[in-house]
Amino acid sequence: MAPTNSDIWAQSILCNDNMRRRFSDEQIKSLENMFETESRPELRTKQQLAKRLGLQPRQVAIWFQNKRARSKSKQLELEYRMLQISYDNLGSKYELLKKEHESLLIQLQRLRKLMEKDENEKDVIKSETEVKQDDFGLPLCEDSRGIDYLGPESDILDMAQIADGLSEIENGYNFESRTFLHDNTACTSPLWEF
DNA sequence: TTGTGTTTTATTGCCTCC
DNA sequence: GGAGGCAATAAAACACAA
């Protein structure tokens, strides 16, 4: 029966002095160089390399196997670190958005109070005097030059519109409901579980 | 010097492919 | 069924603080 490659390898190991030795710097350098161009060299290539470096073909094969394992583990470590960095960045962004959200809510409250106050004043004036109104029912004021213009009321109207807009943002900008995120992404990543 | 942690070389067992 | 790859692990070699 013809010996298999495994037999030949096993025999060659036994023929060695049976001492485990680290490879020399030169051997490592050559192996590293080869690994850079081909991480899974063919049998023939490994045999040639082994002959050139004075190693057993099996030792070269094992070195490549171990090197692939080390390389994979380093790559995984790198990917893990990159993910961690982007996770941290996302967390910072979330905190900034949260603060912005809170500040907008405060602004919204102020505007509402302003509107309420103005409504009250308007009621008082309405009850005391007859107010000239424009086509849209808005109060029409007349300045000293006799030009009609929209008075402070229109400013309040603009504020009210802004406030309504903010209110819509407030409702839509809800991390709990995740509607702020596009629904089609249906993100269930724990990254959002702050 | 020695105890301990890390790295490197080698083995084993299982899996896939031809 | 053999060849070769991978994961898990053993064991030797090495680094280094105490």
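Chain naming here is simple, since letters A, B, ... match the order of the sequence lines and numbering starts at 1 in each.
For dT9(B), the OP1/OP2 oxygens have no side-chain nitrogen or oxygen of Q59(A) closer than 4.0 Å. When the side-chain nitrogen and oxygen atoms of W63(A) are compared with OP1 and OP2 of dT9(B), one or more of them lie within a distance under 4.0 Å. Taking only side-chain nitrogens and oxygens, K74(A) never comes nearer than 4.0 Å to OP1 or OP2 of dT7(B).
Between the CZ atom of R52(A) and the OG atom of S30(A) there is a distance of 5.0 Å, given to the nearest 0.5 Å. If you take CZ on R70(A) and CD on Q75(A), they are separated by 15.5 Å, rounding to the nearest 0.5 Å.
Between F35(A) and W63(A), the ring planes lie perpendicular to each other; the angle is over 60°, past the 30° to 60° tilted range.
Distance N66(A) CG to dT8(B) P: 10 Å, rounded to the nearest Å. Here the P atom of nucleotide dC14(C) and the CZ atom of R21(A) are 10 Å apart, to the nearest Å. Distance R68(A) CZ to dC6(C) P: 4 Å, rounded to the nearest Å. We find that CD of Q65(A) is positioned 11 Å from C1' of dT12(B), with the value rounded to whole Å. We find that CD1 of I62(A) is positioned 15 Å from C1' of dA8(C), with the value rounded to whole Å. Atom NZ in K67(A) sits roughly 17 Å away from atom C1' in dA10(B) (whole-Å rounding). Here dT8(B) presents its C1' atom at 13 Å from CD of Q27(A), a figure rounded to the nearest Å. Atom pair E42(A):CD and dA3(C):P shows a separation of 16 Å (rounding to whole Å applied).
No salt bridge links E26(A) with K29(A); every basic N to acidic carboxylate O contact stays at or beyond 4.0 Å.
The R58(A) side chain lies nearest to dT12(B) when the options are dA10(B), dC6(C), dT12(B).
Using a 4.0 Å heavy-atom distance criterion, R40(A) is classed as a sugar-phosphate-only contact. Looking at heavy-atom distances under 4.0 Å, I28(A) makes contact with sugar-phosphate atoms alone, never a base.
Residue R20(A) places a side-chain atom within donor-acceptor reach of the base of dA11(C), judged by atom type and a 3.5 Å distance cut-off alone.
Nearer to the 5' terminus of DNA chain C, by closest-nucleotide assignment, is the contact made by F64(A) (compared with the other of R22(A) and F64(A)).
At least one donor-acceptor pair closer than 3.5 Å links the side chain of Q27(A) to the backbone N or O of S24(A).
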